[in-house]
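All figures in this text were calculated on a predicted structure; none of them were measured in a lab. Just so you know, these numbers use all the heavy atoms, side chains as well, and skip hydrogens, waters and symmetry mates.
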Amino acid sequence: MKLCDAPSPSPEDRRTSQKPSPRTSLTSASRVFAFCWLAWVGSSVFAGDLGLFDLHKDIGSVGREGSASFDAANSSYEIGGGGDNMWFTNDAFHFVWKEVSGDFALQAAISWVQPGGNAHRKACLLVRQSLAPDAAYVDVAVHGDGLTSLQYRDHPGAMTHEIQANINRPERVGLERRTDTFCMTLPQNTGGPAPLSGSFIRLKFSDPVYVGLGVCAHDNDVLERARFSEVSVSAKASTGAQKAVLHCALELVPIGSKDRRVVYHTTNHIEAPNWSRDGKSLLFNSGGGIYRMPVTGGVPERIETGFAVHCNNDHGLSPDGSQLAVSDQSRGPNSRIYILPATGGTPRLLTDLAPSYWHGWSPDGSTIAYCARRDGEFDIYTVPAAGGLERRLTTAKGLDDGPDYSPDGRYIYFNSERSGTMQIWRMKPDGSEQEQVTKDPFNNWFPHPSPDGKWLAFLSYEHEVTGHPANQLVRLRLRPVGGGEVQELARLFGGQGTLNVPSWSPDSKLVAFVSYELIAQ
């Protein structure tokens with residue numbers, strides 16, 4: 001096929017020029033124009049009969065030229081792709097696409113033509129801001145080993161991140177754009193609305209975007225082929241009459257890779273995960289109850305808490321895992337702290353005064369740390385776990401909250417607004433030597449030291465956000481206890497309920513949290 005000789009506008013200029021509707025097929029003339037433009041910028045582009053899509057080409061540096069074919073009989077595509085990877089800051093793969101504006105739903109069943117191959121090879125449903133190898137993008141990637149994840153790069157040249165689904169080799173996958181929210185769906189063959197997987201990310205993309213199918217071999221010397229069957233692309237129109245439904249995802253994030261994984265997804269409101277001491281279970285609150293479920297996912301089991309049926313998101317296990325502290329308001333309008341067996345049982349009242357909200361347990365199990373309002377001021381208090389008089393540790397004006405012990409028992413970490421913004425502080429267990437730990441533009445809440453004493457995980461709101469409300473853009477961040485660069489573990493939609501209580505895995509490798517999304521149904 002002969003390439004055009006004349007240069008044409010850049011991708012940015014092209015978006016402001018006259019072009020056909022992104023939801024209709026390109027005319028012959030515009031196909032020629034698009035072919036010439038893409039050929040000029042660096043690699044061959046191909047048209048032909050691509051059914052729902054318009055063009056295809058290799059993106060980035062590939063050792064084997066890719067290919068694409070369309071079978072109109074069953075709306076299927078066979079795509080061959082090379083390239084080392086779709087990850088880090090640049091991608092190399094074969095892409096079949098059309099330009100789309102507005103919300104859309106892309107669905108397909110994905111299978112590999114040949115078994116074996118690299119476990120990390122990827123067949124993707126894909127939306128890209130541009131055709132540049134380092135472009136911002138979101139995809140739903142089905143890997144050679146069956147791992148299925150929502151992957152994304154939030155701006156050109158940034159590192160890629162992912163949110164893994166808790167299912168391998170699903171029969172069908174989908175990618176939806178709903179304004180600035182991108183969702184992985186798991187469509188059913190029975191039709192109807194595609195169920196959401198719990199993997200969401202909020203990114204701002206300008207229209208039009210490039211929507212289509214991609215294949216990467218994850219081995220530059222190889223060409224891998226994937227089949228995309230029963231492919232559909234449809235517009236998703238929204239109306240003001242649609243009701244937004246809260247979706248909650250219980251997630252784990254390894255502090256090493258930062259590759260998030262959805263353990264459990266529900267439209268029931270869940271909050272504040274704890275990790276069991278044996279590392280096998282997660283606890284969370286929902287609808288006034290406390291639930292336990294395996295870290296691998298499954299059906300949550302409600303823990304028997306007797307009369308305490310209005311538990312909030314301040315709860316946690318004793319160091320030996322035998323007892324559970326809950327904050328409950330079943331016997332009055334304000335929260336009080338109770339202790340019961342971790343397996344369930346009758347709660348024992350610990351704090352007569354209210355409101356009181358549990359947050360930490362001393363490493364030896366002898367003392368409870370909590371936040372309480374007394375005489376109009378919220379401060380940090382402790383009380384013997386066996387019962388007794390409470391002890392006030394902070395007296396600064398303004399809110400002090402979220403106390404949690406360091407694993408060696410030398411410090412209590414907490415958040416305080418005494419400096420003008422909410423920042424992380426620490427003090428000795430008797431309340432002495434109070435010192436500020438973080439000093440940055442964010443409002444930082446709920447510090448949790450890792451069990452090995454090396455890290456401090458906490459939740460950060462933007463500077464202008466007051467309190468710790470729900471449904472905000474927040475960051476889960478990580479700081480070395482001894483000082484140093486603060487890392488970002490995750491950026492998500494959440495806040496209240498995301499990280500209120502200690503949620504480290506016993507080996508200090510993972511943090512559990514809850515993310516949220518409001519999706520119009």
Report task. Applying ring-ring contact (aromatic ring centres under 6.0 Å, His included), run through Y413 and H448 and close with a yes or a no. Result -> CA-CA 7 Å; Y413 286 84; H448 302 301; over 10 Å; no
Requested in this report: Start with the C-alpha gap between V96 and L50, add the side-chain angles, then the distance that decides, and say whether side chain to side chain contact (heavy atoms under 4.5 Å, CB included) holds.
Outcome: CA-CA 8 Å; V96 180; L50 292 173; 4.3 Å; yes
**Report entry** Residue pair S515, E251: steps toward the side chain to side chain donor-acceptor pair (under 3.5 Å) verdict
**Finding:** CA-CA 7 Å; S515 63; E251 299 190 46; 2.5 Å; yes
Query raised in the report: Looking at Y137, is R128 sitting on its ring face, NZ or CZ under 6.0 Å from the six-membered ring centre and within 45 degrees of the normal?
Result: yes
Query raised in the report: Should we count CD of E301 as having more than 12 external heavy atoms under 6.0 Å?
Result: no
Query raised in the report: Can you tell me how far CD1 of I167 sits from OG1 of T148, rounded to the nearest 0.5 angstrom?
Result: 7.5 Å
Query raised in the report: Using a distance-only test with no angle check, is there a side-chain donor-acceptor pair under 3.5 angstrom linking D440 and T438?
Result: no
Report task. Say whether, by atom type as modelled, one donor and one acceptor occur between the side chain of N443 and the main chain of H463 under 3.5 angstrom. Result -> yes
Query raised in the report: Does the distance from a Lys or Arg side-chain N to an Asp or Glu carboxylate O, for D145 and R169, drop under 4.0 Å?
Result: no
Query - Under-4.0 Å salt bridge between E462 and R475 - result: yes
Query raised in the report: Which heavy-atom pair separates F93 from G214 by the least distance, and what is that distance?
Result: CD1-CA, 4.0 Å
Query raised in the report: Between R64 and D219, is the closest basic N to carboxylate O distance under 4.0 Å?
Result: no
Query raised in the report: Using the ring of each side chain (for Trp, its six-membered ring), is H161 parallel, tilted or perpendicular to Y152, with breaks at 30° and 60°?
Result: tilted
Report task. Inspect the surroundings of NZ in K509 and state if more than 12 heavy atoms from other residues, nucleotides or ligands are less than 6.0 Å away. Result -> no
Query - Side-chain donor-acceptor contact under 3.5 Å, R477 with S460 - result: yes
Report summary line: Between Y461 and G495, the two heavy atoms sitting closest are OH-CA, 3.1 Å
Report task. Take Q423 and T421 through the test side chain to side chain donor-acceptor pair (under 3.5 Å) and record every step on the way to the result. Result -> CA-CA 6 Å; Q423 297 296 324; T421 59; 3.0 Å; yes
Query raised in the report: L492 versus F513: any side-chain heavy-atom pair under 4.5 Å?
Result: yes
Requested in this report: Examine F70 together with Y77 and report whether their ring centres are nearer than 6.0 Å.
Outcome: yes
Report task. Begin with the C-alpha distance, continue with both residues' side-chain angles, and end with the deciding distance and a verdict on ring-ring contact (aromatic ring centres under 6.0 Å, His included) for Y210 and F95. Result -> CA-CA 10 Å; Y210 297 85; F95 189 28; 7.2 Å; no
Query raised in the report: If you draw a 6.0 Å radius around CD in E171, do more than 12 non-hydrogen atoms from other residues or ligands fall strictly inside?
Result: no
**Report entry** Separation of E271 CD from L250 CG (nearest 0.5 Å)
**Finding:** 12.5 Å
Requested in this report: Answer yes if the ring centres of H315 and F284 are under 6.0 angstrom apart, and no otherwise.
Outcome: no
Query - Test: R227 cationic atom under 6.0 Å from W112 six-membered ring centre, within 45° of axis - result: no
Query raised in the report: Does R202 count as lying over the ring of F493, i.e. NZ or CZ under 6.0 Å from the six-ring centre, within 45 degrees of the axis?
Result: yes
Query raised in the report: Under the salt bridge (charged side-chain N to carboxylate O under 4.0 Å, His left out) criterion, do E224 and R121 qualify, and how do the steps go?
Result: CA-CA 8 Å; E224 292 282 4; R121 60 184 176 167; 2.7 Å; yes
Requested in this report: Working to the nearest 0.5 Å, report the span between CD1 of I110 and OG of S229.
Outcome: 9.5 Å
Query raised in the report: Just checking, any donor-acceptor pair under 3.5 angstrom between side chains of S286 and R302?
Result: no
Query raised in the report: Which value, rounded to the nearest 0.5 Å, describes the distance between I519 atom CD1 and L246 atom CG?
Result: 9.5 Å
Query - Spacing of N90 atom CG and I59 atom CD1 [to the nearest 0.5 Å] - result: 11.5 Å
Requested in this report: Answer with yes or no whether the side chains of E162 and Q164 bring together a donor and an acceptor at under 3.5 Å.
Outcome: yes
Query raised in the report: With a cut-off of 6.0 Å (strictly less than), are more than 12 heavy atoms of other residues, nucleotides or ligands near NE2 of H155?
Result: yes
Query - Stepwise side chain to side chain donor-acceptor pair (under 3.5 Å) test for T160 and R153 - result: CA-CA 5 Å; T160 298; R153 180 181 298 126; 3.3 Å; yes
Query raised in the report: So H247 and H265, would you call those rings parallel, tilted or perpendicular, with 30° and 60° as cut-offs?
Result: parallel
Query - Point-to-point distance, once rounded to the nearest 0.5 Å, from CG of L106 to NZ of K98 - result: 10.0 Å
Query raised in the report: Going through the checks in order, is the side chain to side chain donor-acceptor pair (under 3.5 Å) test met by R172 and Q107?
Result: CA-CA 7 Å; R172 290 175 59 80; Q107 298 182 9; 3.2 Å; yes
Report task. Determine the minimum heavy-atom distance between P273 and S503, stating which atoms define it. Result -> O-CB, 3.1 Å
